[in-house]
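Naming convention: chains lettered A, B, ... in sequence-line order (proteins, then strands); numbering from 1 in each chain.
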There are 2 protein chains.
Amino acid sequence: MDEKVAERHSPLNQRIRADIELNILSGKWPPGFRIPFERELMDIYGCSRMTVHNALSRLVESGLIERRRRLGSFVAYPGTHATVLKLPDVKAEIVSSQKSYGYELLTLNRRVANKDDSTRLGEATRTTVIAITCRHLADGVPFAFEDRLINVASVPEASIVDFTTTPPSSWLLMHIPWTESDHRISCIDADADQARILGLPEGTACLVIERRTKRNGQIMSQVRQIFDGRKHSLQGTYALSNI
Amino acid sequence: MDEKVAERHSPLNQRIRADIELNILSGKWPPGFRIPFERELMDIYGCSRMTVHNALSRLVESGLIERRRRLGSFVAYPGTHATVLKLPDVKAEIVSSQKSYGYELLTLNRRVANKDDSTRLGEATRTTVIAITCRHLADGVPFAFEDRLINVASVPEASIVDFTTTPPSSWLLMHIPWTESDHRISCIDADADQARILGLPEGTACLVIERRTKRNGQIMSQVRQIFDGRKHSLQGTYALSNI
DNA sequence: AAGTGGTCTAGACCACGAC
DNA sequence: TCGTGGTCTAGACCACTTC
């Protein structure tokens, strides 16, 4: 086998991973190619099986190889492109781009979930929700329009928060961290309201990010954020393992 | 510590991972919380340090915890939401939704990269490129407009492919697998050409996916795909470790 | 100096699945 | 049946960083 031996002084298991990645990404080992057995790699690198096994296991996690007992390890067939998108908190995003952050609460209602609310939360039960619409500004210019529902049953503390000064996204991130979430990214033509709030001509293409956050399977919040499509885009890289 | 002991009959290292995940996602262990030392977890689970260490290492990879020598392991502070988006091949996406797939080559040029081409490829060198525009149809209805550049220096085989019948995305996926890629997702108002090709009113909000694929750091191809924003959206879930 | 995590070893037994 | 990967052990030494 080819030992390109990346990064001479890094730990052995990382070198093994990097070597195999290189062979796959360079096209030398095509999809379906059987890579050496663990016991062969032990001899090649002069190390124990545990070291080899850990390296290969992480390649499985990253989706680069598949392993089958008795048959060996094979370069996987990539069916799709995938990308990891980071969707930062709007406030953090504005601040980190050296602009001043502004926040305006537009509406706040506390109500029993209506039909639309239940659809957004993905729950049939008639819970109480806090419905918030607000606007984020960067250097005084409208940056994003946010429309959020908070499930009061799941996040009772939200009842006593003063959302006239605290952006709900930032508060939730600080107080209800590490939730599971699913996202939907789409685009729309701004309607009259949205255009007015974002200071755009009606019909401008806008980027929409919707997110539902859950904890223990229970939905805590749903949010729809709308951005000026001419100024905002999302970028992601697909890096394999981060050696 | 709390042993919620998920999945009784799964391997021990996965149970350890799942237990710690549960404590973090449920909010019981907030960001900054110091989780038990490896040697404590050995006692708690009655296993060797290697088993504990492997479990914790994978939690580091998933971004859920951070570890510092001498101090211990801590629940990480989530700065951003992240999502894994799958961006399937357009043909595969249409076929899997039970619709008939159609493909039309619109233009094909082979030329020395001009200024715009070089920008798109992110390379200053004046290489030869194949520039393709084409249209994907689902059940005969325009589905996506694709504008692609292929770097001939990196993908010489592309010179002899008949792109009048073969969609370039599908060919590249089959023949140049396992490239690295980066993506950009944005939206635009369809201009006259785009509207005509997609069969939409001019000015309709459209979703745009741009992708550059590399191999060994060398750019192989750049593509811009445009979809009807009213019908197309991207969805992603953030699953932590896949236990 | 002391204690944490980082890495590795040389074994072991088991589970699965092709044959 | 038998060879592969899956899991685990009971050690070991090292690197780093705070004390």
Engineer: Rounded to whole angstrom units, what separation is found between the CD atom of A:Glu66 and the P atom of C:dG17?
Structural biologist: 14 Å
Engineer: For B:Tyr103, what residues pass the ring-ring contact (aromatic ring centres under 6.0 Å, His included) criterion, not counting sequence neighbours?
Structural biologist: none
Engineer: With A:Arg69, which residues qualify under salt bridge (charged side-chain N to carboxylate O under 4.0 Å, His left out), at least two apart?
Structural biologist: none
Engineer: Could you write nucleotides 4-10 of chain C as a row of B, S and -, 5' to 3', where a protein heavy atom under 4.0 Å of any base atom gives B, of only sugar-phosphate atoms gives S, and otherwise -?
Structural biologist: BBBBBBB
Engineer: Just to verify, what does B:Arg212 make a salt bridge (charged side-chain N to carboxylate O under 4.0 Å, His left out) with, not counting sequence neighbours?
Structural biologist: B:Asp182
Engineer: For residues 78-87 of chain A, pull every pair meeting side-chain hydrogen bond (donor to acceptor under 3.5 Å, both in side chains), keeping only residues two or more places apart or in separate chains.
Structural biologist: A:Thr83-B:His183
Engineer: Mind jotting down which residue pairs meet the salt bridge (charged side-chain N to carboxylate O under 4.0 Å, His left out) criterion with at least one end in residues 32-42 of chain A? Sequence neighbours excluded, please.
Structural biologist: A:Arg34-A:Glu40, A:Glu38-A:Arg49, A:Glu38-A:Arg67
